[in-house]
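In what follows, a single structure is set out as structure tokens and then discussed.
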Amino acid sequence: MPPANYPRLRVGEVATPKVAVRGAAGGAIMDAMPELPEVETIRRDLEPHVVGRRIVRTWCSDGPRYGDIHDAAGRAILALRRRGKYLLAELGEVGTVASPDAVSGIAARELVIHLGMSGRLFTAASRPDSPHLRAVIELDGPEHLYFDDMRKFGQLLVVRPGEYEALETLAHMGPEPLSADFDAENFHRALVASRAPVKAVLLGQRVVAGIGNIYADEALFLAGIHPGSRSVSRPQSRRLHAALKQVLAEAIANRGTSFSLYRDGHLREGNHYRELKVYDREDQPCPRCHTAICKTRIAGRGTHFCPSCQKPPRSTGNGRG
DNA sequence: CTGAGCCCCTGGGCGC
DNA sequence: TGCGCCCAGGGGCTCA
């Protein structure tokens with residue numbers, strides 16, 4: 001069963017990153033962890049509802065992660081962008097009209113939003129009845145923007161555009177994996193330069209942006225690379241480069257992993273959840289070779305891989321010694 | 001500087 | 001049946 005007291009979305013709300021999903025192995029409920037595809041899905045859903053609107057006022061619950069958004073009041077939302085797992089709402093000067101000219105203008109502030117593990121960002125006509133509501137951004141339209149976050153790992157912050165001193169990860173974010181900036185040769189060089197397990201490099205956000213635990217496991221499986229490998233060959237890094245693009249693009253097309261909703265007492269699986277090859281599939285047969293999927297712990301995270309398709313490197317990481 | 005590991009936080013699952 | 005421990009994880013932080 002999903003959390004009984006977790007607020008159900010009302011009709012008209014959009015994009016829920018936090019939903020209940022049936023674990024394929026044990027029937028366990030797991031959270032939808034917002035990674036790049038989930039955040040991008042939310043961005044696309046919210047964009048037509050918030051861009052061009054003015055922020056009338058804001059409210060935040062107490063806590064170090066939700067303060068400092070009151071400077072957003074009085075500003076128009078010029079654009080809603082995404083960087084890695086962060087949402088960036090570009091805000092205009094106080095009092096300026098959200099005209100098409102203003103929308104194309106230069107932002108005066110940025111509202112930075114990170115959903116953490118359980119954050120939900122959605123628009124609604126009225127304040128949702130939730131014990132985990134952390135922030136309200138009232139707009140000059142029929143709907144307001146709400147941030148709900150059960151586990152309090154999310155973050156809201158208003159900064160001057162591009163000034164991310166308080167956000168170390170965002171300040172040092174690597175290239176967007178689905179953009180031309182994500183260069184295969186640079187990616188290979190970065191992997192070779194690090195002595196950390198390849199999965200830890202993917203999760204680090206500095207070499208490539210937006211990769212979380214699910215898509216790290218999926219991409220490494222697709223590329224046939226052991227997640228604990230500390231050295232990758234050029235062919236391997238090229239496969240991983242392509243696998244990351246493929247996995248993320250497919251997940252976006254499916255509106256992200258774990259987007260099932262709890263309705264009328266029934267659980268429905270998310271669109272991309274059923275496409276997962278290794279994540280949360282411990283002891284189930286590998287879709288490629290039918291070997292049982294293994295689960296271990298790498299970089300402090302649960303890590304799933306096929307021990308047959310993703311063999312650990314012997315010495316140099318290149319099968320040819 | 002870099003990698004490893006802990007911590008934050010909450011609720012579901014499960015062991016005793 | 002009920003209590004309480006353990007787990008999940010993104011990113012910030014500390015320590016070696």
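Here is how names work: the chains are called A, B, and so on, in the same order as the sequence lines, proteins then strands, and each is numbered from 1. Source: prediction; values computed, not measured.
Taking 4.5 Å as the limit, some side-chain heavy atom of A:Arg160 sits within range of a side-chain heavy atom of A:Arg109. Looking at A:Leu248 and A:Ile211, their side chains come closer than 4.5 Å, going by heavy atoms from C-beta outward. Here the side chains of A:Thr58 and A:Val158 are not in contact, with every heavy-atom distance at 4.5 Å or above. Within the 4.5 Å cutoff, the side chain of A:Thr291 has heavy atoms near those of the A:Pro307 side chain.
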Could you list all N or O pairs between the protein and nucleotides 3-5 of chain B that sit under 3.5 Å apart?
from, atom 1, to, atom 2, distance (Å)
B:dG3, OP1, A:Ser194, OG, 3.3
B:dG3, OP1, A:Arg195, N, 3.3
B:dA4, OP1, A:Arg230, NH1, 2.8
B:dA4, OP1, A:Arg230, NH2, 3.0

Do any N or O atoms of the protein come closer than 3.5 Å to N or O atoms of nucleotides 9-13 of chain C, and which pairs are they?
from, atom 1, to, atom 2, distance (Å)
C:dG9, OP1, A:Asn213, ND2, 2.9
C:dG9, OP1, A:Tyr279, OH, 2.8
C:dG9, OP2, A:Gly302, N, 3.2
C:dG10, OP2, A:Arg301, NE, 3.4
C:dG10, O3', A:His114, NE2, 3.1
C:dG10, N7, A:Arg301, NE, 3.4
C:dG10, N7, A:Arg301, NH2, 2.2
C:dG11, OP1, A:His114, NE2, 2.4
C:dG11, OP2, A:Lys85, NZ, 3.4
C:dG11, O6, A:Arg301, NH2, 3.0
C:dG12, OP2, A:Thr169, N, 3.4
C:dG12, OP2, A:Thr169, OG1, 2.2

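Judged by distance alone, with hydrogens and angles left aside, the side-chain atoms of A:Gln205 form a donor-acceptor pair with the main-chain N or O of A:Gly210 at under 3.5 Å.
Rounded to whole Å, atom C1' of B:dG11 lies 13 Å from atom NZ of A:Lys152. A:Arg206 places its CZ atom 10 Å from the C1' atom of B:dT2, with the value rounded to the nearest Å.
For the atom pair CZ of A:Phe187 and CG of A:Leu202, the computed distance is 5.5 Å after rounding to the nearest 0.5 Å.
Between A:His114 and A:Tyr86, the ring planes are perpendicular. Angles over 60° get that label, and only those under 30° would be called parallel.
With a 6.0 Å radius and a threshold of 12 heavy atoms from other residues, nucleotides or ligands, A:Arg195 has its CZ atom at or below the threshold.
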